[in-house]
Structure formats: structure tokens, C-alpha cells
**Q** 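First, the structure itself, so that you have it in front of you.
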Amino acid sequence: MADPKTIPVAELLAQVTKIFERCGLRPESAAAVAGVIVAGERDHCKSHGIYRIEGCLRVLAAGKVVPDAVPVIHDAGKAVIEVDAGGGFSNPAFCAARAALAARAKEVGLAALVIRDCLHFSALWHDVEALAEDGLASLSMCPSYSFVAPAGGTKPLLGTNPIAFGWPRPGPHPYVFDFATSVAARGEIELHRRAGTPIPEGWAIDRDGNPTTDPEAALGGAMLTFGAHKGSAISTMVELLAGAMLGEFMSKEALDFMGGTDLLPRHGALILALDPASFAARSGRDPIAEGERLLTAIGAQGARLPSQRRFAARAVSLRDGIPLSAAELAQLARFETLGLAALTA
Ligand code: NDP
Ligand code: PYC
């Protein structure tokens, strides 16, 4: 196979945007979906980078996502703002409602964005980083599909249910963590399957409930939560807050609706935005400066902060471009030329 080639971030973004426009997305939606995918590739988060394009095209081809959906914001002037994605991708809905969410959080101290009826496939750090740029702390979460057994159980029930947190910092990068509540994201197991490599021990059990390192057996069995009962409880919280509480699908219902894990999940998402200045106002202290003391002390021990690897990868990608294999470049070219027809060609 030919050596990997590096392509500039802006060039990849333009190409991926074109692919989604060719597949029927409105320009605004294509830009939002391409933006989060290319950001994943740029930051070396392969499990939610360009490998996701094919999955997005498959749901489009199956008619399970509305390509030209226009997000509709419902804002009654209260703390909870809703945006109806109309069966479209979640990313355009977030982009459409971000300014309203940030303004409300600054006005009343704490605001929530409910994204309804969306196709959600992406990493969550993108959203909390955007809100940190607006000076806000935030939490983002969503269910996914029933891939994960609850601690003590053996059958898939919970989703990989990611949760992300962002905190604004004075420098160029916020404090951000973002992880699946399963030991690893499903996408990581899929990448191992494609590469023909075993998954680490402790990620999954097979159909009979036995530990496995075979990605195929793991995908057919159940994934495990991180931190045993602790991750299981946090995952359950995500189902309750971002599924049951919103009146949107939990992971089991999302899976029943799509009829299988071959297509990406459709459900809701919840984003909480908090204005540190409002919370600290009467204390007379500066919450951002207080936060800096902690984050600096963590670094002073030689520990790395979450997202530090990602930010370092981003700097390299922005300077040198993004390395892509010959197979990845060929697939991008096929998608760009053929659109959805590339799936069957
Ligand atoms: P990882 O385990 O790769 O990373 C989790 C977080 O921990 C990151 O913020 C990472 O920062 C940080 N981290 C990793 N190692 C260290 C360390 N040694 N010290 C300090 N921090 C560290 O994430 P997952 O595989 O669990 O999830 C990957 C992505 O999948 C997430 O972006 C998530 O949103 C997405 N996802 C989306 C789903 C959906 O339904 N839409 C479902 C499940 C997952 P860094 O990146 O810098 O390494
Ligand atoms: O990687 O677990 C995952 C995932 C599920 C839906 C989107 N990503």
C-alpha cells in the first residue's frame, strides 16, 4: 500500500462538506456534520473521524435520517430551550441553537438545550469546547444503542452513552473530557475488527457472557461499562436524563426503532450550560482563576489533562496536515464522485 499522504485540514473539510452536500444535505447541515468529523480526524480521534462518513451515508441511503431537515428552535424564554432536529443529524441542530443556549445561560446562570429527534453519531467534545469558547462550563450527554451490559449483567441493555464536560480557561484550550461510559467507544472495537487486531481484555464479553478479546465476538456479545458498577450507574443516569427525562428514546428503544446496529442511532441529546461568573457572583472570588490553580497543580504533578493529547494532535494537523492512507483517500474520492451510489458500486 502507498505511504500515507497528508492533506491540509481545510482541504479535507471542503471535500467532506462536498460529500454531504452531494448526498442531499443543506449546505449549513453539510458544513456542521463535516466540521465535527474532520475535527475528529484532525485531533487524532479516529473512532469518530472520517471512518464515520460511510455510516452517515448508510443511514442516508436507508432513509433513516432526513437529509434536508431544518432545525426548529422552541424557546419559551425559560431555562430549557428545545431544538427539534426533525430527524436530521444532531450537529446542525446544536449549531442552530448554540447562541440561544449561551445567551440564556449567561442571563439566568444555568440553561439546558434539549435536542429532539436527531441522528447522533459524533464525539461530544465539539459541543462543550464551543460553549467553553463562550465562557461557559457545560455537560453534554446522549444515549446510543443497547451495546453494553449493566454491571453484574451479561446482556446488552445500556448504550455506550458518552458524557463530556467543558470548563473555560484563559489560554487557547479549555479543560475538556469526553468519554463513553463503556470501557471503550463502540467505534474503537469496530476499528479493531477492520484491522484484524484483538481488543484489550476487559472491554467486552461474548454472547455467552465469557470475557473476549475477539472484536467480532465482542460486537455480537456485550460491551462492559468502565469502572464496573460506577460506570454502570453513570450510564444509567445518561439513559434517564437524556432519554427518559426528555421523552426521547433510551438506547434499547433506539435500537428497536432502527432494527439493528448497522445503522447509526436516532434519539435525543441533552446539553447543560452553566455560567461560572453567575454561580460565584456573591463569593467575590474568580471561579476561572480558582479553577486554574487546580488545573495547574494537576499538571505540576506530571499528570496530563484530558484533551491534552488531542490539542497536541490538533496543533500538528494544523501545521502539517492530516495523514490519510491510500485506502482512506480512495474512499473519500469515491464518495465525492458517486455520493450514495458509492455504497453499492
Ligand atoms: P477515550 O478513552 O479515548 O478518552 C476519554 C477522555 O479521557 C478524553 O478526554 C481523553 O483525552 C482522556 N484521557 C485519555 N487518557 C488519558 C490520560 N492518560 N490522562 C488524562 N486524560 C486522558 O474516549 P472513549 O473511547 O471513551 O470515547 C471516544 C469518543 O467517542 C468520545 O469523543 C465520545 O463522545 C464518542 N462517543 C460517541 C457516542 C455517540 O453516541 N455519539 C457514543 C460513545 C462514544 P485525549 O482525547 O486528549 O486523549
Ligand atoms: O462509538 O460507541 C460509539 C458510538 C455509538 C454511536 C456513535 N458512536
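Each ligand, and each atom within it, is numbered from 1 in the order the structure gives.
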**Q** Which of the numbered atoms in ligand 2 are under 4.0 angstrom from any heavy atom belonging to Arg52?
**A** 1 (O), 3 (C), 4 (C), 7 (C), 8 (N)

**Q** Could you list the atoms of ligand 1 found under 4.0 angstrom from a heavy atom of Ala123?
**A** 32 (O), 34 (O)

**Q** Classify the contact between Phe311 and ligand 1 as side chain, backbone, both or neither, using a heavy-atom distance cut-off of under 4.0 Å.
**A** neither

**Q** Regarding Arg26 and Ser29, is there a side-chain donor-to-acceptor distance under 3.5 Å anywhere?
**A** yes

**Q** In terms of side-chain geometry, is the basic nitrogen of Glu21 or Lys18 positioned less than 4.0 Å from the acidic oxygen of its partner?
**A** no

**Q** Within a distance under 4.0 Å of any heavy atom of Gln308, pick out the atoms of ligand 1 and give their elements.
**A**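 This gives 47 (O) as the contact atoms.
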
**Q** I'd like to know if the side chain of His192 reaches the main chain of Pro198, judged simply by a donor and an acceptor atom lying under 3.5 Å from each other, with no hydrogens or angles considered.
**A** yes

**Q** Quick one: which ligand 2 atoms are inside 4.0 Å of a heavy atom on Ala185?
**A**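 Atoms satisfying the 4.0 Å criterion: 1 (O), 2 (O).
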
**Q** Below 4.0 angstrom, N of the basic side chain to O of the carboxylate: do Arg194 and Glu188 qualify?
**A** no

**Q** Among protein heavy atoms, which lies nearest atom 10 (C) of ligand 1, and at what distance?
**A**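 Looking at atom 10 (C) of ligand 1, the protein heavy atom closest to it is Ser307 N, 4.2 Å.
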
**Q** Right, does atom 34 (O) of ligand 1 have protein non-hydrogen atoms nearer than 4.0 Å?
**A** yes

**Q** What residue and heavy atom of the protein are closest to atom 25 (O) of ligand 1, and at what distance?
**A** Ala185 N, 3.5 Å

**Q** Check each of Arg304, His267, Arg309 against atom 14 (C) of ligand 1 and report the one with the nearest heavy atom.
**A**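 The option holding the nearest heavy atom is Arg304.
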
**Q** Salt bridge between Lys46 and Glu41, side-chain N to carboxylate O under 4.0 Å?
**A** yes

**Q** Closer than 4.0 Å to some heavy atom of His120 - which atoms of ligand 1 meet that?
**A**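 Answer, ordered by atom number: 41 (N).
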
**Q** Tell me which one of Val176, Thr160, Thr181 gets a heavy atom nearest to atom 42 (C) of ligand 1.
**A**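 Closest candidate by heavy-atom distance is Thr160.
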
**Q** Calculate, to the nearest 0.5 Å, the distance between atoms CZ and CZ belonging to Arg266 and Phe249 respectively.
**A** 8.0 Å

**Q** What's the shortest distance from atom 30 (O) of ligand 1 to any protein heavy atom, and which residue and atom give it?
**A**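 Nearest neighbour among protein heavy atoms for atom 30 (O) of ligand 1, to 0.1 Å: His48 CE1, 2.9 Å.
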
**Q** Do the non-hydrogen side-chain atoms of Leu136 and Lys106 ever get within less than 4.5 Å of each other?
**A** yes

**Q** Counting only heavy atoms, tell me which of Ser122, Ala303, Ser251 gets closest to atom 41 (N) of ligand 1.
**A**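 Looking at heavy atoms only, the winner is Ser122.
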
**Q** Of all the non-hydrogen atoms in the protein, which one sits nearest to atom 6 (C) of ligand 1, and at what distance?
**A**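 The answer is Asp178 O, 3.4 Å.
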
**Q** Between Leu340 and Phe121, is there a shared hydrophobic cluster once you connect ILVMFWY residues whose side-chain heavy atoms come closer than 4.5 Å?
**A** yes

**Q** With a 4.0 Å cut-off, strictly under, does atom 3 (O) of ligand 1 pick up any protein heavy atom?
**A** no

**Q** Can you check which of His120, Glu188, His48, Arg186 brings a heavy atom nearest to atom 2 (O) of ligand 2?
**A**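 Looking at heavy atoms only, the winner is Arg186.
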
**Q** Just need the protein heavy atom nearest to atom 5 (C) of ligand 2, so name the residue and atom and give the distance.
**A**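 Answer for atom 5 (C) of ligand 2: Thr160 OG1, 3.8 Å.
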
**Q** Atom 21 (N) of ligand 1: which protein heavy atom is closest, and how many Å away?
**A** Pro306 CA, 3.4 Å

**Q** In ligand 1, which numbered atoms sit nearer than 4.0 Å to a non-hydrogen atom of Phe177?
**A** 9 (O)

**Q** How close does the nearest protein non-hydrogen atom get to atom 7 (C) of ligand 2, and which residue and atom is it?
**A**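 The protein heavy atom lying closest is Phe121 O, 3.6 Å.
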
**Q** For atom 38 (C) of ligand 1, grab the closest protein heavy atom and report residue, atom and distance to one decimal in Å.
**A**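 Going atom by atom, the protein heavy atom closest to atom 38 (C) of ligand 1 ends up being Pro162 CG, 3.4 Å.
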
**Q** Is it true that Asp134 and Arg98 have a side-chain N and a carboxylate O under 4.0 angstrom from each other?
**A**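 Looking at Asp134 and Arg98, the cut-off is met.
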
**Q** May I ask you to check whether Ser144 and Ser251 show a side-chain donor-acceptor distance below 3.5 Å?
**A**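 No - no donor-acceptor pair under 3.5 Å links their side chains.
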
**Q** Check for me, please, whether Leu12 and Leu25 land in the same ILVMFWY cluster - side-chain distances under 4.5 Å, paths through other members count.
**A**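 Yes, one cluster joins them.
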
**Q** Taking atom types as modelled, find out whether Asn161 and Ser235 have a side-chain donor-acceptor pair closer than 3.5 angstrom.
**A**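 Looking only at side-chain atoms, Ser235 and Asn161 do form a donor-acceptor pair, the distance falling under 3.5 Å.
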
**Q** Quick one: do Arg58 and Asp262 make a salt bridge, cutoff under 4.0 Å?
**A**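 Answer for the salt bridge query: no.
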
**Q** Counting only nitrogen or oxygen atoms and a 3.5 angstrom limit, does Leu124 reach ligand 1?
**A** yes

**Q** Of all the non-hydrogen atoms in the protein, which one sits nearest to atom 24 (P) of ligand 1, and at what distance?
**A**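 Residue, atom and distance for the closest contact: Ala180 N, 3.8 Å.
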
**Q** How far is atom 40 (O) of ligand 1 from its nearest protein heavy atom, and which residue and atom name does that atom have?
**A**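 The closest one turns out to be Ser144 CB, 3.7 Å.
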
**Q** With heavy-atom distances below 4.0 Å as the criterion, list the atoms of ligand 2 near Gly187.
**A**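 Checking each atom against Gly187, I get 1 (O), 3 (C).
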
**Q** Is there a salt bridge (Lys or Arg N to Asp or Glu O under 4.0 Å) between Asp43 and Arg309 once you walk through the steps?
**A** CA-CA 8 Å; Asp43 287 11; Arg309 175 203 63 82; over 6 Å; no

**Q** Evaluate the criterion salt bridge (Lys or Arg N to Asp or Glu O under 4.0 Å) for residue pair Arg169 and Glu292; output intermediate values, then yes/no.
**A** CA-CA 7 Å; Arg169 297 190 70 187; Glu292 280 310 294; 2.8 Å; yes

